[in-house]
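Every number for a ligand or one of its atoms is a count from 1 in the order of the listing.
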Amino acid sequence: MSQTPPPQILDGKGLSERIKDEIASEVTEWTGQGHRAPHLAAVLVGEDGASKTYVDHKVRSCERVGFKSTMVLRPADISQRELLDIVHGLNEDPNIDGFIVQLPLPNHIDAQAITEAIDPTKDVDGFHPVNIGNLALGLPGFVPATPAGIITLLERFEVPTEGRHAVVIGRSSIVGTPMSLLLSRSGQPGNCTVTLCHSRTQDLQEHCLQADILIAAVGRPEMIKADMVKEGAVVVDVGITRVKDVTAKRGYRLRGDVAYDEVAPKCSWITPVPGGVGPMTIVSLLRNTLLAAKAKAEA
Ligand code: NAD
C-alpha cells in the first residue's frame, strides 16, 4: 500500500537565521568599504501588545545583522499632524535609510495618508502607492515584506511554482494582493496561475481544492481544514492570531489560519505558525533596508 510521504516543513525560522548571516556579511563588507551601517527607524504608536512584539523583533534583528536602529514611540492619542511631522522628519533625515510606521494605527489616524507621506525611497515596508505600482508593473521597488518573504521561502526551498495553480485567500494591500501579483509575474518563483479569494468569494472550499499552492492570509484561526486542501498541496499560512489560553505562559497562543495537525499530512510542503512566514517577513524588511542604504549611497 502506498503511503503519502510526510510533509516537508518550510522552516522560516531556520532559513531566516541563515539569511541574517548573509545580510550581516554584506553589512561587514559594506562598512568595510567606508560606508556607515544601514539605519532603520520604526515608529510605534500606542500600546498594542502584538505591534510592540513585532517592532521589538525588528529592532533586535537590526542589531543581529549590524544595522543601526531607532525606535520612535508615541502615545495612542498622538494627532495626525504630529505623526505626519515625524514622518516628514524621517524623510528628511540623511542618517535614516528606511523607516516603517507599524500598523494598525489608532482609528483617529488616517493610515493611508501617513503611508502616502513616506518618501518611497525610504518606504522599506513597500506600502507606498509608488512601490505597489512598481510591483504591479514589474518595475524595481520595495516589495511588501511578508509576500517578499514568502517568495524567498519558496525560492530557497526550491518549491516549484511554474504553471502551478496558486490560490491566495485574502486581498489586503499588504499581503494578499501583492502576493497574487508576485506569484503571477514572469519569473522564478512565479509563473503561477493565480486565483485571489476574499470575504465575498462564493464556495471557498471549491477554490481551495484546486490549489497546488495555497496561501492563507485572513486572520481567522484554523479556518482551513483538511477537506479544503488537495493531496500534495503546498500550504503557506500567513495568519497570526492571539487566541486566549489560560494554560499558556503568556495567557495566549498564536494560531494560524490553517488547522495544522489535520492539514499537514496532506501537504507536500507546509509552513508552521509560529516559525514560518513571520521570521521571513523580518528578513525581507532587513533586505529592503540594506537595498535602501546602498541605493542612497549610489544616488
Ligand atoms: P486584513 O484583515 O487586512 O485582510 C484579511 C483578508 O481576508 C481580507 O482581504 C478579507 O477579504 C479576507 N477574508 C476575511 N474573511 C474571509 C473569509 N471568510 N473567507 C475568505 N477571505 C476572507 O489582514 P492582513 O493584514 O492581510 O493579515 C492577514 C493575516 O495575516 C492576519 O492574521 C495577520 O496578523 C497576518 N499577518 C502576518 C504577517 C506575518 O509576518 N506572518 C504579516 C502580516 C499579516
**Prompt:** Would you call Val283 and Thr152 a side-chain contact if the rule is heavy atoms closer than 4.5 Å?
**Reply:** no

Contact table ligand 1 N or O to protein N or O, d under 3.5 Å:
from, atom 1, to, atom 2, distance (Å)
ligand 1, 9 (O), Arg171, N, 2.7
ligand 1, 11 (O), Ser199, N, 3.0
ligand 1, 11 (O), Ser199, OG, 3.3
ligand 1, 18 (N), Arg220, NH1, 3.1
ligand 1, 21 (N), His198, O, 3.4
ligand 1, 21 (N), Ser199, N, 3.4
ligand 1, 26 (O), Ser172, OG, 2.5
ligand 1, 32 (O), Ile240, N, 3.0
ligand 1, 32 (O), Ile240, O, 3.2
ligand 1, 34 (O), Ile240, O, 3.2
ligand 1, 40 (O), Thr281, OG1, 2.8

**Request:** Tell me, with the steps shown, if Glu47 and Lys52 meet salt bridge (Lys or Arg N to Asp or Glu O under 4.0 Å).
**Result:** CA-CA 7 Å; Glu47 297 287 325; Lys52 270 174 126 171; 3.1 Å; yes

**Message:** Quick test of your reading: applying side chain to side chain donor-acceptor pair (under 3.5 Å), list the pairs with at least one residue in residues 90-101, sequence neighbours left out, ordered by first then second residue.
**Reply:** Arg36-Asp97

Using a 3.5 Å cut-off and no angle test, enumerate the donor-acceptor pairs between side-chain atoms of residues 156-163 and protein atoms at least two apart in sequence or in another chain.
from, atom 1, to, atom 2, distance (Å)
Arg156, NH1, Glu22, OE2, 3.0
Arg156, NH2, Glu22, OE1, 2.9
Thr161, OG1, Gly190, N, 3.0
Thr161, OG1, Gly190, O, 2.9
Glu162, OE1, Gln188, NE2, 2.6
Glu162, OE1, Asn191, ND2, 3.2

**Request:** Report the hydrophobic cluster partners of Ile9, with the cluster defined as I, L, V, M, F, W, Y residues connected by side-chain heavy atoms closer than 4.5 angstrom, directly or transitively.
**Result:** Val167, Ile169, Leu204, Leu214, Val218, Met223, Ile224, Met228, Val229, Val235, Val258, Tyr260, Val263, Ile270

**Request:** Locate the shortest heavy-atom distance separating Ala42 from Val55; write the atom from each residue and the value.
**Result:** CB-CG1, 3.9 Å

